[in-house]
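No hydrogens, no waters, no symmetry mates; every other heavy atom, side chains included, goes into these values.
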Amino acid sequence: FGYEVEKEKRYRVKLKSNSEEIDYLVDTKSNGFRFFSNIYTQRREHTRKEIEEAGFGWVFDCPGIEIEEVE
């Protein structure tokens with residue numbers, strides 16, 4: 001139809017740490033949003049709205065968190 005729908009930006013949220021394993025914010029579905037390293041590898045990308053509604057809006061202003069915008 002000659003127009004393009006703009007998709008909401010999605011983010012991958014990582015804890016900055018010295019460990020070899022990176023902890024990502026994941027949506028476990030059954031237990032909500034949590035930080036995990038090697039499990040729940042599928043649900044690591046979230047919209048800002050999803051993150052804020054889950055009570056994790058603070059990650060956008062935390063120096064110990066790395067936010068990566070994903071496509």
Any chance you could measure [X], atom [atom1], to [Y], atom [atom2], to the nearest 0.5 Å?
X   : Y   : atom1 : atom2 : value
D23 : K16 : CG    : NZ    : 14.5 Å
E8  : R48 : CD    : CZ    : 10.5 Å
R34 : F56 : CZ    : CZ    : 6.5 Å

Taking every non-hydrogen atom, the tightest pair across S37 and R44: O-NH2, 2.8 Å

Hphob cluster co-occupancy, [X] + [Y], side-chain heavy atoms under 4.5 angstrom:
X   : Y   : answer
V70 : I67 : no
I22 : L15 : no
F36 : L25 : no

Checking K7 now: which residues fulfil salt bridge (charged side-chain N to carboxylate O under 4.0 Å, His left out) with it, not counting sequence neighbours? none

Member of Y11, F60, F33 meeting the ring pair (Phe, Tyr, Trp, His ring centres under 6.0 Å) criterion with H46: F33

Would a distance-only check, ignoring hydrogens and angles, find a side-chain to backbone donor-acceptor pair under 3.5 Å from E50 to T47? yes

Side-chain (R43) to main-chain (V26) donor-acceptor, under 3.5 angstrom: no

For residues I65 and F35, determine if any side-chain heavy atom of one lies less than 4.5 Å from a side-chain heavy atom of the other. yes

Quick test of your reading: applying salt bridge (charged side-chain N to carboxylate O under 4.0 Å, His left out), list the pairs with at least one residue in residues 58-71, sequence neighbours left out, ordered by first then second residue. R12-E68, K14-E66, K14-E68

